[in-house]
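Worksheet: one structure, shown below.
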Amino acid sequence: MGSAAIIIHESVKDPHSELWFAEPAGFTALALDALLAKPGTPDADKLRVAAAPLLNLAPNGMARQQFVALIASGQQMLATLCDFGTVHCSIGLHRDDVGGPASGGAQQPLLSLFTISWRDTNVAPRAVTAARTVTAGEGHTDIALQELPCGPAVLSETTHRPAADSGLPQQPILQIHAHLPHPDCKRLAVLTLSTTATARREEYRAILRQVAETVRFEKPLGADS
């Protein structure tokens with residue numbers, strides 16, 4: 001077997017970063033700054049230019065209005081996530097190939113949403129902070145305390161169903177969380193993987209654990225990299 005190539009993203013050199021991690025294949029990061037840019041800013045102009053070809057492909061004015069409405073709805077959702085401390089968001093697309101060809105039937109695409117959010121906490125030992133997070137909230141199951149390279153962490157799962165008046169399909173949404181207290185003991189990073197593919201919880205839990213194991217709170221390549 002040959003060695004796998006490792007691609008280092010330019011963000012590793014960002015002096016304002018407070019957390020570093022590696023995202024597995026199949027995820028596409030959303031540019032939150034660009035998607036939520038204020039009108040009249042350079043980022044807003046870039047978004048308009050990027051969307052123009054798609055708008056031009058619309059067969060009529062009604063289709064263009066629907067496309068614009070979808071973008072606005074997505075921006076509203078992202079803005080809400082950011083209000084709750086979300087600093088990273090990406091969409092996952094994978095093939096449901098569990099069981100292999102012998103399982104029969106066409107492989108279905110699986111969609112997921114991966115986010116990283118910061119939460120302020122009371123000053124306490126890191127393991128205590130992680131434990132309090134899941135015991136204080138309702139509905140956390142499959143709770144597991146782990147020692148990761150970045151320190152103590154707690155993995156857990158929750159399952160929700162959209163409100164009846166939300167307009168969303170009434171499918172249960174599985175959320176797998178990794179709670180990683182920061183070394184300053186005043187906050188923690190929450191990694192969350194959300195999907196409606198509840199039958200694949202073990203596979204998604206493995207993906208989130210894989211990401212959590214790569215998290216570092218100190219620049220991984222050294223101060224001079």
Side-chain angles (χ1 to χ4, degrees), residues 7-14 16-39 41-44 46-48 50-51 54 67-94 109-120 133 137 150 153 155-160 162-163 166-169 171-182 187-198 200-201 203-217 220:
I7 300 175
I8 299 176
H9 193 269
E10 60 182 8
S11 60
V12 75
K13 299 180 180 179
D14 185 351
H16 302 293
S17 293
E18 298 180 289
L19 178 151
W20 290 263
F21 68 100
E23 208 164 47
F27 286 89
T28 300
L30 301 179
L32 295 179
D33 290 342
L35 291 171
L36 299 177
K38 295 181 180 179
T41 62
D43 280 338
K46 292 178 182 178
L47 179 60
R48 185 172 60 255
L54 297 175
F67 179 74
V68 171
L70 285 174
I71 292 179
S73 177
Q75 289 176 315
Q76 184 178 11
M77 182 193 73
L78 292 175
T80 300
L81 288 174
C82 290
D83 288 342
F84 283 93
T86 298
V87 294
H88 176 85
C89 182
S90 59
I91 296 176
L93 178 61
H94 299 86
L110 298 176
L111 287 171
S112 59
L113 184 70
F114 172 66
T115 61
I116 298 179
S117 305
W118 285 106
R119 295 184 189 174
D120 293 331
T133 302
C150 66
L155 270 66
S156 67
E157 299 178 13
T158 56
T159 303
H160 308 278
S166 66
L168 298 174
Q171 293 179 278
I173 299 175
L174 170 67
Q175 291 190 307
I176 304 173
H177 313 275
H179 305 84
L180 314 177
H182 192 274
R187 53 185 169 155
L188 79 162
V190 182
L191 282 59
T192 301
L193 192 54
S194 306
T195 180
T196 57
T198 56
R200 297 291 175 252
R201 65 176 62 241
E203 289 74 25
Y204 277 114
R205 190 178 180 102
I207 290 175
L208 186 65
R209 186 185 300 111
Q210 176 186 352
V211 177
E213 288 175 348
T214 70
V215 171
R216 299 293 186 275
F217 291 115

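Since the model is a prediction, treat every value here as computed from it, not as a measurement.
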Measure across [X] and [Y] and return the closest heavy-atom pair with its distance rounded to 0.1 Å.
X	Y	answer
Ala22	Thr214	N-OG1, 2.9 Å
Pro109	Leu93	CB-CD1, 3.8 Å
Pro181	Leu188	CA-CB, 3.5 Å
Thr159	Pro172	CG2-CB, 4.0 Å
Ser90	Ala29	CB-CA, 3.5 Å
Cys150	Val215	CB-O, 3.2 Å

Note to self: For Leu113 and Ile91: C-alpha separation, side-chain torsions, deciding distance, then whether side-chain contact (heavy atoms from CB on, under 4.5 Å) applies.
What the structure shows: CA-CA 5 Å; Leu113 184 70; Ile91 296 176; 4.2 Å; yes
Can you find a heavy atom in the side chain of [X] that is under 4.5 Å from one in the side chain of [Y]?
X	Y	answer
Leu191	Leu180	yes
Ser117	Thr192	no
Ile176	Leu155	no
Trp118	Asp120	no

Notebook entry, point to check: With distance as the sole criterion, is a donor-acceptor pair present between the side chains of Glu23 and His88 under 3.5 Å?
Noted result: yes
Quick check for you: to the nearest 0.5 Å, what is the distance between [X] atom [atom1] and [Y] atom [atom2]?
X	Y	atom1	atom2	answer
His177	Gln175	NE2	CD	4.5 Å
Thr198	Glu157	OG1	CD	10.5 Å
Arg201	Leu174	CZ	CG	5.0 Å

Checklist line | Within 6.0 Å of CZ in Arg119, more than 12 heavy atoms from elsewhere | finding: no
Notebook entry, point to check: Do any N or O atoms from the side chain of Thr196 and from the backbone of Ile173 form a donor-acceptor pair under 3.5 angstrom?
Noted result: no
Next item on the list: Apply the test side-chain contact (heavy atoms from CB on, under 4.5 Å) to residues Thr195 and Arg200: give CA-CA distance (whole Å), side-chain angles for both, the deciding distance (0.1 Å), then the verdict.
Entry: CA-CA 9 Å; Thr195 180; Arg200 297 291 175 252; over 6 Å; no
Next item on the list: Evaluate the ring planes of His94 and Phe27, with Trp represented by its six-membered ring, and classify them as parallel (under 30°), tilted (30 to 60°) or perpendicular (over 60°).
Entry: perpendicular
